[in-house]
Amino acid sequence: MENKNFIRTIIEKDLETGKHTQIATRFPPEPNGLLHLGHARAIIMNYILSKDYGGTFNLRFDDTNPIKEDAMFVEGIKRDIAWLECHWDNLYYASNYFEEMYKRAKVLIEKGLAYVCDLTPEEIKDFRGDLTSPGKESPYRNRSVDENMELFERMKHGDFKDGEKVLRAKIDMASPNINMRDPIIYRIQRSYHHNTKNDWCIYPMYDFAHPIEDAIEGITHSLCSLEFEDHRPLYDWFVKHTEMESVPRQIEFGKLKIANQVIGKRAIRKLVDDGVVDGWDDPRLITLSGLRRRGVPPMAIHNFVKALGLPKSEGETELHMLDEYIRDYLKTEARRINAVIDPIKVVITNYPEDKSERLEAPYNRENEALGSRALSFSSEVYIERDDFLEQKPNKKWKRLSLGIEVRLMHAYFIKANEVKYDESGNVQTIYATYDPETKSGSGFNARKPNGNIHFVDAKTAQPAEIRIYEDLMHDTDDSKPLEDRINKHSKTIKQGFIEGDIDIAKNEAFQFTRLGYFSADDDSTQDKLVFNRTVALKSSFKRKK
RNA sequence: UGGGCUAUAGCCAAGUGGUUAAGGCAUCGGACUUUGACUCCGACAACGGUGGUUCGAAUCCACCUAGCCCAGCCA
C-alpha cells in the first residue's frame with residue numbers, strides 16, 4: 001500500500017485543471033557510480049507515478065561532466081533499473097542535447113543575460129562573496145553582446161585553454177541565494193566523453209543543462225532531492241530565458257536514507273580493498289547489485305518504497321523494514337524446501353536400512369500452484385543441531401529430546417532414544433525410532449507430537465554451502481570511524497545439506513523450512529550449490545542464554 | 001550572524017481549521033498451526049516548545065529550539 005504524498009496531489013491537480021493532459025517523469029542518473037537502495041525511491045516513484053497517471057518515464061543519463069563519468073556505469077545502471085522492473089519508455093543522454101544547449105546559451109548571450117568571464121577560479125570564488133555578504137560583479141560582466149558571442153564561439157572552437165574562460169549567466173551578485181550570483185553555465189574542459197567522444201571541449205553545468213534537458217523531453221514533473229530546492233529559482237530562470245516552449249516543474253522530495261549502511265563510493269571501495277566485503281555486489285551492501293545477489297526480489301523493493309511514500313522530511317529508515325517486505329513477497333512466491341545448515345545425523349533404528357521411500361510434499365501450502373515434490377525418506381536423516389537437546393528444558397520446548405516424540409514434517413513421528421557423542425563432547429548421532437502409523441497424510445491423530453521439525457534424507461541429500469549474512473555494521477554510533485563500527489562476523493559460511501532432486505534455477509529464491517529465505521548464488525556450480533540467506537524467518541522463540 | 005527547508009510514538013509516515021490523530025515496521029499479550037513461520041484477534045505510545053487568533057488548532061500567526069542543505073569551472 002502506498003502512502004499518499006504531496007507530489008500525487010500536485011499531479012492530480014495539474015491533470016484536473018488541464019495544465020497537463022499527460023505527465024512525463026524521468027530518472028536522471030549521472031553515470032559516475034552504481035545505484036543503491038537510496039536511489040530506489042526516485043527510480044520507482046518516477047516510474048509508478050508515470051504509470052499510474054498514464055504518462056511516460058524516461059531514463060536519461062545526465063552525462064555533462066566526462067571527467068567523472070564512464071560508459072561502464074551506464075551499463076551497470078541500466079542493468080540495475082531493468083532488474084528493478086522500472087521499464088523506461090525512452091533512453092536518453094543529456095550529451096545528445098549538447099548542440100541544443102549551445103544554441104540556448106547563445107539565446108542568453110543575445111539577450112544580454114550571459115557573458116564570458118576571464119576571472120580565474122580563485123577570483124570567481126573570491127568575487128562570489130559568502131553566506132552572509134554579497135558578491136562583487138566581475139569586471140567582464142558588461143562585455144558587449146558581440147564580444148560575448150565571439151568569445152563563446154571561440155571557447156567552443158578550442159581557442160582557449162582549459163579553465164581560461166567560462167560563460168556565466170548575468171543574474172544578481174547580491175542575491176541571498178548564492179546560486180543566483182552569476183552562476184557558471186559553461187566551462188572549458190578537454191576530456192574524452194563516452195558518448196560525444198572529442199566533439200566538445202566545452203561542457204554545460206548542471207544548473208543550466210538540467211532544466212533544458214527536462215524541457216526538451218517535455219518532462220512535466222521533474223523530481224529531485226531536497227538539496228536542489230535552492231536551485232529551483234535558477235531552474236525556472238533558465239527555462240524562461242532560454243525560451244523553452246515546454247515548461248517543466250521541479251519538485252523536491254526527501255532522499256531515502258537507510259540507517260547504518262555503507263553507501264559512499266570511497267567507503268565501499270575501501271571495504272572491497274580491505275577484503276571486508278567481496279565486491280560491489282556483496283550481499284551485505286545495499287547496492288542494487290548487492291541486494292540482487294542477496295536474493296531480494298525487486299517487487300519487495302517496490303513495496304518497501306511505496307510504503308515509505310514520498311515525504312519532504314528526511315529521516316533514516318531502518319533496513320529491517322525491508323526484510324518484512326521481502327518475507328511478505330516471498331511468502332507465496334517461493335518454493336519451500338528442506339535444508340539443514342548445521343546437521344546432526346539421526347539413525348532410525350527400526351526403519352529397514354536398505355529401504356527408502358518418497359513422500360508427497362507440497363512446495364507451499366499457501367500457493368498450491370507451486371506444486372509438490374516426492375520427498376525422500378530413509379533410515380538416516382539430518383536434522384538441525386538446534387532442534388535437539390538431550391533433556392527437554394521446559395514445557396515450551398517444541399523440538400526433539402531423549403524420550404520425546406516429534407514429527408519430521410511430511411514424514412513420520414520419531415522418538416529419540418540414545419545419543420552418541422564425538423571426542424569433544426558434541427552430539428554426533430541420535431538414535432531414534434519411528435512409528436509407521438504416524439505417516440503424514442494418513443490422518444493419524446491418536447496423539448500429538450511435541451513439535452514439528454524438518455529434516456533432509458541423508459541418502460539423497462545434496463551438499464550445499466550456505467552463506468549467512470548479518471549486519472555489516474554493528475555499532476550504530478555514526479560519530480565513530482567506519483572501521484570501528486564494522487561487524488567482523490557479518491558473514492558465516494556453513495556446509496549443510498538440502499533435500500535431493502530439487503531443480504534449482506540460478507538466483508531462484510527458496511524458503512528453507514523453518515530457517516528463512518535463501519537464494520542460489522552466482523557462485524553455484526554443477527557440483528557445488530551455494531546459497532545466500534536473503535532474510536531469516538521471524539521467530540518468537542526466545543532462547544535462553 | 002544571509003538564504004532555503006524540515007520537525008507527528010523506538011523507526012517510517014498520513015493528515016492542509018471540527019477525525020476516537022490513518023497505516024506500516026518494531027514491541028508485548030493471546031488464538032490457531034504439520035514451519036516457535038504464516039494467519040487472526042488484542043495491546044501499545046506521538047502532534048519540538050511557548051504564546052496568540054478562533055466557538056474550535058497537528059493544521060493559521062509570532063517568537064523560540066533542534067536538525068538538514070547552499071559559498072565546485074560536481075551533480
Side-chain angles (χ1 to χ4, degrees), chain A residues 1-6 9 28-30 32 62-65 67-69 117 119-121 124-126 128-135 162-168 175-181 183-189 202-203 205-207 209-210 224-233 252 254-256 259 303-304 306-325 327-328 331-332 336 338 361 365-366 396-399 406-411 413 440-441 448-449 451-454 511-516 536-543:
Chain A
M1 243 272 257
E2 181 186 339
N3 262 324
K4 178 84 174 163
N5 61 67
F6 77 104
T9 308
E30 181 183 21
N32 69 344
D62 207 0
D63 53 354
T64 57
N65 186 8
I67 63 174
K68 301 179 83 173
E69 296 154 10
C117 182
L119 256 23
T120 65
I124 288 182
K125 178 177 165 60
D126 206 40
R128 186 153 34 222
D130 61 27
L131 296 180
T132 52
S133 47
D162 284 14
E164 194 178 333
K165 291 183 183 343
V166 291
L167 183 70
R168 302 175 70 176
S175 172
N177 180 349
I178 294 181
N179 295 301
M180 302 299 272
R181 320 241 261 231
I184 293 168
I185 59 187
Y186 265 95
R187 76 279 214 182
I188 302 170
Q189 187 178 95
I202 56 171
Y203 290 96
M205 299 288 288
Y206 168 86
D207 283 317
H210 209 85
C224 66
S225 45
L226 255 23
E227 69 263 33
F228 292 103
E229 229 158 357
D230 286 350
H231 298 241
R232 192 179 346 121
E252 311 83 14
K255 275 188 171 139
L256 201 205
N303 294 338
F304 171 69
K306 286 196 275 191
L308 297 176
L310 211 41
K312 249 194 110 151
S313 55
E314 253 181 333
E316 282 201 328
T317 301
E318 294 166 353
L319 190 60
H320 69 71
M321 193 166 158
L322 174 64
D323 291 344
E324 193 48 31
Y325 288 90
R327 293 187 197 101
D328 182 64
K331 180 173 63 196
T332 52
R336 302 172 178 180
N338 288 351
R365 284 201 153 85
E366 294 175 62
K396 293 248 184 186
W397 178 253
K398 304 272 274 296
R399 304 177 182 185
V406 297
R407 171 170 23 229
L408 294 179
M409 289 172 67
H410 302 120
F413 290 11
S440 285
K448 291 269 182 205
N452 300 287
I453 66 173
H454 61 95
Q511 182 191 115
F512 288 174
T513 310
R514 299 206 307 135
L515 299 176
L537 247 29
K538 278 201 283 199
S539 173
S540 56
F541 178 51
K542 314 251 179 349
R543 187 170 303 197

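Each chain gets a letter, A, B and so on, in the order the sequences are listed, and its residues count up from 1.
Checked by distance alone, A:Arg514 brings no side-chain donor or acceptor within 3.5 Å of a matching partner on the base of B:G36. For B:G4, the base has no donor-acceptor partner in the side chain of A:Asn177 [N/O atoms by modelled type, under 3.5 angstrom]. One N or O donor and one acceptor, one from the side chain of A:Ser440 and one from the base of B:U34, sit under 3.5 Å apart.
Nucleotide B:U1 has no partner under the Watson-Crick or G-U criteria, as no pair reaches both atom distances under 3.5 Å. Base-pair partner of B:C60: B:G52 (Watson-Crick or G-U wobble, both distances under 3.5 Å). Remark: B:C47 base-pairs with no nucleotide; criterion is Watson-Crick or G-U wobble with both hydrogen-bond distances under 3.5 Å. B:A71 is unpaired under the criterion used here, namely a Watson-Crick or G-U wobble arrangement in which both key atom distances are under 3.5 Å. Nucleotide B:C40 is matched to B:G30 when pairs are restricted to Watson-Crick or G-U wobble geometry with both distances under 3.5 angstrom.
Among the protein residues, A:Pro311 comes within range of the sugar-phosphate backbone only, with heavy atoms under 4.0 Å from sugar or phosphate atoms but none that close to a base. Using a 4.0 Å heavy-atom distance criterion, A:Thr513 is classed as a base contact. At a threshold of 4.0 angstrom between heavy atoms, the contacts of A:Glu366 include nucleobase atoms, whether or not backbone atoms are also involved. Base engagement by A:His231 is indicated by at least one non-hydrogen atom pair under 4.0 Å involving a base atom. Within the nucleic acid shown, A:Asp130 comes within 4.0 Å of at least one base atom, counting heavy atoms only. Nucleic acid contact class of A:Glu252 (heavy atoms, under 4.0 Å, all strands): none. Within 4.0 Å (heavy atoms only), A:Gly315 reaches sugar-phosphate atoms of the nucleic acid but no base atom. Among the atoms of the strands shown, only primed sugar atoms or phosphate atoms (P, OP1, OP2) are found under 4.0 Å from some heavy atom of A:Arg128.
Checking the phosphate oxygens (OP1, OP2) of B:C38, no side-chain nitrogen or oxygen of A:Thr332 falls inside 4.0 Å. OP1 or OP2 of B:C74 lies within a sub-4.0 Å distance of a side-chain N or O belonging to A:Gln189. Note on A:Arg187: a side-chain N or O is less than 4.0 Å away from OP1 or OP2 of B:A75.
What separates OH of A:Tyr186 from C1' of B:C73 is a distance of 14 Å, to the nearest Å. Atom P of nucleotide B:A75 and atom CG of A:Asp62 are separated by 7 Å, given to the nearest angstrom. Atom NZ in A:Lys538 sits roughly 9 Å away from atom C1' in B:A26 (whole-Å rounding). With rounding to whole Å, A:Met409 atom CE is found 14 Å from B:U33 atom P. Here B:U19 presents its C1' atom at 18 Å from NZ of A:Lys4, a figure rounded to the nearest Å. What separates CD1 of A:Ile178 from P of B:G3 is a distance of 12 Å, to the nearest Å. Spacing between atom CD1 of A:Ile202 and atom P of B:C73 amounts to 17 Å, rounded to whole angstrom units. Atom P of nucleotide B:C74 and atom NZ of A:Lys125 are separated by 14 Å, given to the nearest angstrom.
Between A:Glu30 and A:Lys68 there is no salt bridge, since no side-chain N of the basic residue sits under 4.0 Å from a carboxylate O of the acidic one.
B:G72 has its base syn relative to the sugar, with a glycosidic angle deviating from 0 by at most 90°.
On the P atoms, B:C69 is 42 Å away from B:A37, given to the nearest whole Å.
Comparing A:Glu324 and A:Arg365, the nucleotide of RNA chain B nearest to each residue sits closer to the 5' end for A:Glu324. Residue order along RNA chain B, read from the 5' end via each residue's closest nucleotide, puts A:Ser540 first among A:Lys165 and A:Ser540.
If you check the side chains of A:Asn338 and A:His454, you find no donor sitting under 3.5 Å from an acceptor.
Minimum heavy-atom separation, A:Phe304 to A:Met321: CE1-CB, 4.0 Å.
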